[in-house]
Amino acid sequence: MKISKLMFVLLTVMLTLVLGITPAVFAADSIKVGEIQTYSKLTNFTFPYRNGWQLALEEINKAGGVMGKQIEVISRDDQGKPGEAVKVAEELVGKDKVDLLMGTFFSHVGLAVTDFAKRNKVLFVAAEPLSDAVVWAKGNRYTFRLRPSTYMQAAMLAVDAAKNPAKRWATIAPNYAYGKDAVASFQKVLKAKRPDVEFVAEQWPALFKINAGAEIQALADAKPEAVYNVTFGGDLAKFVREGELRGFFKNVFMVSLLSGEPEYLDPLKGEAPEGWLVTGYPWYDIKTPAHTKFVKAYQEKFNDYPRTGSVVGYNTMYSVYHVLKKAGTTDTEKMVDAMEGLTFDSIIGPVSYRKIDHQSTMGAFVGYTALKDGKGVMVNWKYADGQNYLPSNAEVMKMRPE
């Protein structure tokens with residue numbers, strides 16, 4: 001049973017006068033947020049992501065919280081499994097009585113929680129899952145996504161890739177929702193920009209089970225002039241090493257999704273590729289006041305530098321803060337209404353959640369890989385504002401069921 005503010009004050013005064021104590025259980029009244037993430041896997045991303053939202057949470061609560069209450073985050077690991085994600089979502093909503101959900105990484109996991117949010121009418125702020133289906137084919141009233149989608153990031157790369165004279169293209173991507181979306185989106189945008197290009201080969205290795213030698217050979221046999229790569233994590237490392245060993249990259253223009261992110265570029269160290277067109281996060285070169293302040297606070301708290309995950313976690317937590325502030329309540333329907341069109345200044349630029357499809361306009365950094373002091377970095381980069389890489393409202397209406 002919820003205690004009204006008046007009852008809370010009267011009970012606190014009574015117990016304080018009679019017993020001489022302030023009841024901590026009532027003083028700790030908070031807004032509960034259920035957080036779901038794959039902390040047991042992909043720790044290069046998920047641990048910095050956790051650092052990011054924890055830093056934001058600390059800042060928010062130190063400044064007084066929201067609606068006169070502190071925000072409490074109850075975090076659960078989904079083990080990278082859709083079924084487990086739904087199970088913990090049920091526990092968070094049913095047992096822990098959270099007011100909303102946030103998080104997830106893998107697209108298939110995010111889609112499972114997206115469906116849960118729809119069935120249970122719970123606000124879900126999807127942090128990282130990149131599948132276009134999260135906001136389009138499987139989109140619903142209760143799900144919003146922060147990270148620029150697969151389509152958006154693929155479009156960012158395709159616009160620049162179209163400037164290269166290469167006509168014969170090949171692709172390699174993990175064989176699941178994210179990989180398939182990434183290839184389809186890139187092909188669509190590139191062909192629109194360059195009708196003369198042709199895709200001569202597609203490779204679909206199982207996620208984190210790549211046979212890099214066989215994949216490189218299959219790509220080489222197709223004799224492409226350019227390759228669009230979507231592998232990441234350990235698969236990317238194997239792909240890069242095998243490609244370098246075989247000299248595959250020497251005469252091929254490489255375009256690679258996410259490969260400029262510190263999570264995936266840093267582990268390669270001196271083996272990092274050079275001259276690849278990538279999306280990423282050149283945290284060391286971003287000098288805006290808001291980002292500089294964020295980096296300083298992050299380094300002071302964690303004695304480490306931020307990764308892409310750090311920015312995603314930080315902006316996700318602030319999305320929650322701003323929607324609560326705007327709604328002025330934890331009523332789900334009112335929070336959803338407040339989320340549609342919500343706009344705030346993030347550490348990398350303005351972010352708005354579109355009413356038509358609940359996709360945010362958060363952008364990404366696009367540039368080229370290079371080696372500096374024995375490690376991979378991004379150079380000649382630019383910030384691509386997400387709002388410039390979204391399909392038209394008419395296209396969205398065709399893709400989104402609601």
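Screening residues 206-231 for ring pair (Phe, Tyr, Trp, His ring centres under 6.0 Å), with sequence neighbours left out, gives F186-Y228, F208-F232.
Aromatic ring centres of Y383 and F365 lie closer together than 6.0 Å.
Under 4.0 Å is where a charged nitrogen must lie from a carboxylate oxygen, and between D304 and K301 no such pair does.
D266 and Y305 share a donor-acceptor pair across their side chains, judged by distance under 3.5 Å alone. In this structure, a donor-acceptor pair under 3.5 Å is present between the side chains of S30 and E72. No hydrogens or angles considered: a donor-acceptor pair under 3.5 Å links the side chains of R145 and Q359. T114 and N140 are not linked by any side-chain donor-acceptor pair at a separation below 3.5 angstrom, with hydrogens and angles left out of the test. For the residue pair E215 / N211, no side-chain donor-acceptor distance below 3.5 Å is found, with atom types taken as modelled. If you check the side chains of D331 and T329, you find no donor sitting under 3.5 Å from an acceptor. When only modelled atom types and interatomic distance are considered, Y176 and S107 share no side-chain donor-acceptor pair under 3.5 Å. In this model, no donor atom of one side chain and acceptor atom of the other lie less than 3.5 Å apart for T150 and D181. In the model, R354 has no side-chain atom that pairs as donor or acceptor with a side-chain atom of Q387 under 3.5 Å. For Y142 and E333, the side-chain atoms include at least one donor-acceptor pair closer than 3.5 Å.
Side chain of T343 to main chain of G341: a donor-acceptor pair is present (N/O by atom type, distance under 3.5 Å, no hydrogens or angles). R400 places a side-chain N or O within 3.5 Å of a backbone atom of D357 that can act as its donor or acceptor partner. In terms of modelled atom types and a separation under 3.5 Å, the side chain of T171 and the main chain of V183 share no donor-acceptor contact. Remark: side-chain polar atoms of S346 are paired, donor with acceptor, to backbone N or O of G349 under 3.5 angstrom.
The neighbour count for K87 NZ, taken as heavy atoms of other residues, nucleotides or ligands under 6.0 Å away, does not exceed 12. Heavy atoms of other residues, nucleotides or ligands lying less than 6.0 angstrom from CG of D196 number more than 12.
Judged by the 6.0 Å and 45° rule, R307 forms no cation-pi pair with Y281.
Here the straight-line distance linking atom CH2 of W53 with atom OH of Y49 works out to 8.0 Å at 0.5 Å rounding. Interatomic distance, T279 OG1 to L257 CG, rounded to the nearest 0.5 Å: 4.5 Å.
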For this session: Might you work through the side chain to side chain donor-acceptor pair (under 3.5 Å) test for S310 and N51, ending with a clear yes or no?
Result: CA-CA 6 Å; S310 312; N51 288 347; 5.8 Å; no
